Amino acid sequence: MRDLKASRSVEPHARWLKLRVTLLGGLFLSLLAVAFGRAVFLQVYERDKLHGMAKDQYVRQIEIPARRGDIFDRRGAPLAQSVEVDSIWIDPSLLEDERKASRALAKALKLDAEELHARLARGKRFVWVKRQAKPQEVEAVKALGLPGLGFMKEPKRFYPQRELAAQVVGVVGTDGRGLEGLELGFDDELSGQNSRLSGLRDAKGRKLLMQGGALDPMERQGATVTLTLDRHLQYVAEKALSRAAEDSKAVGGMAVVLDPKTGEILALANYPRFNPNTPEQLDRGTLRNRAALDTFEPGSTMKSFVVAAALETRAIKTDELFYCENGSWRIGRHTINDTHPNGWLTAEGILQNSSNICTAKVAQALGRERLVRYYQEFGFAARSGLALPGEGKGVIPFPKAEVALATQSFGQGMTATAVQLAAAYGALANDGVLMRPYLVSKVVDPDGVVLLENRPLEVRRVVSSQTARRVVNMLESVVTKEGSAVRAAMEEYRVAGKTGTAQKADPVARGYSDKRIASFAGVVPAENPRAVILVVVDEPKTDVYGGRVAAPAFKEIATAAMAHLAVPPSRTAAPAVAEAPVAPPVAVKSPLSPKPLPEKPAVAEQEVQGDGTVRVPDVQGQAGREAVVKLLAAALEPQLLGSGRVVSQTPAAGSLVEKGARVTLDLAMRP
């Protein structure tokens, strides 16, 4: 008999088993779908990220700075070059005892152990131990046998001339970037293109293979910069400046040697100096190229430009006399003083004796607007354009007050840079044409493409050729025994120049301190200028006058420059003559004189006085040879400018001068 109860119990069990199988199958399919989806997500969407993470475990990449371009002087002498040296790095994760490793490395490299340990603790897989290490330091580190050490070739800046032109060239940091000077100004051109170097390592961090080791040096090299500086003249200028500053116990100094015909800067010296090869010993204050960047009140060296402007505009005449108030002149509540009391002086006498009072009177005749305009025409209050970061501009405030007009005429109450001052004297030496001063001759990339090239550029004509020659001729009297810079005179070359002694402003007291800036700006040879030399000594202690402090340094530089440039000696040496101590009887009436001057007597022949003076004979219209004979017969010293017949003479005919005084004759060929 069939058991119906048993048959009914089997059917539910089968259904439950089928359900479980279905659920398990669905679960496995879902898990498989999730795994597949995850795999797709990782392989497609996260591929680059995971590839980078995996690569980071066995590949190290280090950026290699490009080989920095070289800097040369005008004759190809290297001033800055780059050499390959080892830099040391380490993987801190492979060190068993970081503190012990830090002490060992610090001892080998002469570093601070605590500071090195702090860097290793902060780092994960890469830390620089020392950049640009010395060869003996590299060998000492290798001998330690520490795990995770690495050595990488990097370019290091080297200055083969040491202190020479250090402020001009500048310095770079350990990262290869320029910090000062031309290294900073031309950083983009000198830097070149950086590259990256990859290295493979195993699970223990051991180096297996370096990739990209054979880099094309041309791709990693910066451009070459060639300067207008002459290494020999730079050396002479720095030595002479250092001697002048040290002998006078000065805090600093500047010197510029400039070619007036081209505007090329042949030397640009600063004191104190420093050695850029020892960056750990650098004093930040000595890095500045003060000759180009810093401004100062130039003092009496500005008088030459005031006289030139007044002669050019015919505000004064060459033989016009000015009364110098015997050394003291009151303007409102202020008193203008001269170093030495002077009576009546011509323009040449004003420059020779460096009279502040008479220069102020010349400025009054010139006028405020024309004074400022001619200062600007000579290049002041405008950057010279030397491509140096932070180059000084200087200021020329408009002199609203009478005392401001007076002080600005002798270089106080205005500022300028040493390069501006040298370039302005270059305009006088270049027959009145201002040339743009420049320091960089050309910049050439490794492929030979010229990125920058400077050539002589005329900025403007400031004064006429006749005015410029006349002022330069007047400045020759400054270096005579009666002038303020006899120590600048040279035996074989005629020298024209001007001294300067300026008070330094006190920004705290808002006035002037007892500190001084002594300077001398000279042109040599005076008859055919080949060099303008400016020497500035900051805060001399033993003596404050430019004729005593700066003039000897000028002579030392000029002597070496003339020999180096193969300049033939002058035809005649500058005569040592006295400026005539002129009493009021003279030919011209000056509106700035305290009382009318007598009319000029019409004297044609020699007239010798009993007190050792003589009247200047009239030689206008005569041939040069005849005029010389006549002046020599009158016990006077002739000086000829040009050739042909006399068209003008200084002092004027009939002037009463001492025996042996110089008479300048302007000669020209008549049609």
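This is a predicted model, so every value here is computed, not measured. Because only heavy atoms are used, hydrogens play no part in the values below, and waters and symmetry mates are left out as well, while side chains stay in. Counting begins at 1 with the first residue of the sequence.
Counting only distance, with no hydrogens or angles, the side chain of Asp294 and the backbone of Gly392 share no donor-acceptor pair below 3.5 Å. Glu391 contributes a side-chain N or O that, together with a main-chain N or O of Ser384, makes up a donor-acceptor pair within less than 3.5 Å. For Gln420 (side chain) and Ala382 (main-chain N/O), a donor-acceptor pair under 3.5 Å exists by modelled atom type. Side chain of Glu180 to main chain of Val168: no donor-acceptor pair is present (N/O by atom type, distance under 3.5 Å, no hydrogens or angles). Between the Glu238 side chain and the Tyr235 main chain, no donor and acceptor come within less than 3.5 Å of each other. Between the side chain of Asp187 and the backbone N or O of Gly178, at least one donor-acceptor pair lies under 3.5 Å. Between the side chain of Arg68 and the backbone N or O of Ala80 there is no donor-acceptor pair closer than 3.5 Å. The main-chain N or O of Ala223 is never found under 3.5 Å from a side-chain atom of Asp445 such that the two would form a donor-acceptor pair. For the pair Thr228 (side chain) and Ser441 (backbone), a donor-acceptor distance under 3.5 Å is absent. In this structure a side-chain-to-backbone donor-acceptor pair under 3.5 Å is present from Asp73 to Arg231.
Between Asp538 and Arg290 there is a salt bridge, since at least one side-chain N of the basic residue sits less than 4.0 Å from a carboxylate O of the acidic one. Checked for salt-bridge contact, Glu377 and Arg373 miss the test: no charged N lies under 4.0 Å from a carboxylate O. Looking at Arg99 and Glu114, a side-chain N of the basic residue comes within less than 4.0 Å of a carboxylate O on the acidic one, giving a salt bridge.
The CD atom of Glu183 sits 4.0 Å away from atom OH of Tyr159, with the distance rounded to the nearest 0.5 Å. Rounding to the nearest 0.5 Å gives a distance of 10.5 Å between CZ of Arg436 and CD of Glu264. The structure places CG of Leu268 at 10.0 Å from CE of Met254, a figure rounded to the nearest 0.5 Å. Rounded to the nearest 0.5 Å, atoms CG (Asp247) and NZ (Lys249) are 8.0 Å apart. Of the inter-residue distances, the one linking Asn277 atom CG with Lys156 atom NZ reads 7.5 Å to the nearest 0.5 angstrom. Put simply, CG on Leu95 and CD1 on Ile90 are 4.0 Å apart, with the number rounded to the nearest 0.5 Å.
Between Leu258 and Gly263, the shortest heavy-atom distance links the atoms CD1-O, 4.1 Å. Residue Thr417 comes nearest to Ala291 through the heavy atom pair CB-O, 4.1 Å, listed as atom of the first residue, atom of the second, then distance. Smallest separation of non-hydrogen atoms from Val419 and Ala292: CG2-CA, 4.1 Å. Shown here for Leu190 and Leu182, the closest heavy-atom pair between the two residues is CD1-O, 4.0 Å. Nearest heavy-atom pair across Val236 and Ala560 is CG1-CB, 3.6 Å. Of all heavy-atom pairs spanning Tyr271 and Ala250, the tightest one is CE2-O, 4.3 Å.
Counting only heavy atoms from C-beta outward, the side chains of Phe158 and Pro78 never approach each other to under 4.5 Å. Under the 4.5 Å side-chain criterion, counting only non-hydrogen atoms from C-beta, Val440 is in contact with Val225. Residues Leu428 and Val532 fail the side-chain proximity criterion, which asks for heavy atoms closer than 4.5 Å. At least one side-chain heavy atom of Arg157 sits under 4.5 Å from a side-chain heavy atom of Ile71. Under the 4.5 Å side-chain criterion, counting only non-hydrogen atoms from C-beta, Met435 is not in contact with Pro260. Inter-residue side-chain proximity for Thr415 and Phe296 is flagged as unmet; no heavy-atom pair is nearer than 4.5 Å. A 4.5 Å side-chain heavy-atom check between Trp89 and Lys130 finds every atom pair outside the cut-off. Looking at Val444 and Val449, their side chains never come closer than 4.5 Å, going by heavy atoms from C-beta outward.
For the residue pair Gln408/Gln412, the side-chain donor-acceptor check at 3.5 Å is not satisfied. Ser82 and Arg67 share no side-chain donor-acceptor pair at under 3.5 Å.
When the shell of 6.0 Å around NZ of Lys541 is examined, it contains more than 12 heavy atoms from other residues, nucleotides or ligands. Residue-environment remark: NZ (Lys261) exceeds the threshold of 12 foreign heavy atoms within 6.0 Å. Counted within 6.0 Å of CZ on Arg460, heavy atoms from surrounding residues, nucleotides or ligands total more than 12; the atom is thus considered enclosed. The local environment of NZ in Lys504 is crowded, with over 12 non-hydrogen atoms from other residues, nucleotides or ligands closer than 6.0 Å. The environment of CD in Glu246 is crowded: more than 12 heavy-atom neighbours from other residues, nucleotides or ligands sit within 6.0 Å.
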side-chain contact (heavy atoms from CB on, under 4.5 Å) evaluation trace for Val462 with Val433: CA-CA 6 Å; Val462 184; Val433 177; over 6 Å; no
Checking Leu79 against Phe72 for the side-chain contact (heavy atoms from CB on, under 4.5 Å) test, could you report, in this order, the C-alpha distance in whole Å, the side-chain angles of both residues, the deciding distance, and whether it holds? CA-CA 5 Å; Leu79 300 176; Phe72 298 100; over 6 Å; no
Does the side-chain contact (heavy atoms from CB on, under 4.5 Å) test come out yes or no for Thr226 and Arg74, once each step is laid out? CA-CA 6 Å; Thr226 302; Arg74 65 188 299 113; 5.6 Å; no
For a side-chain contact (heavy atoms from CB on, under 4.5 Å) check, start with the C-alpha distance between Val141 and Leu149, then their side-chain angles and the critical distance, and finish with the verdict. CA-CA 9 Å; Val141 169; Leu149 279 173; 3.7 Å; yes
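Cation-pi contact between Lys142 and Phe151: present, with separation from the ring centre below 6.0 Å and deviation from the ring axis of at most 45°.
Residues passing the side-chain contact (heavy atoms from CB on, under 4.5 Å) test with Gln136, sequence neighbours excluded: Lys134.
A ring-centre distance under 6.0 Å is not found for Phe378 and Tyr425.
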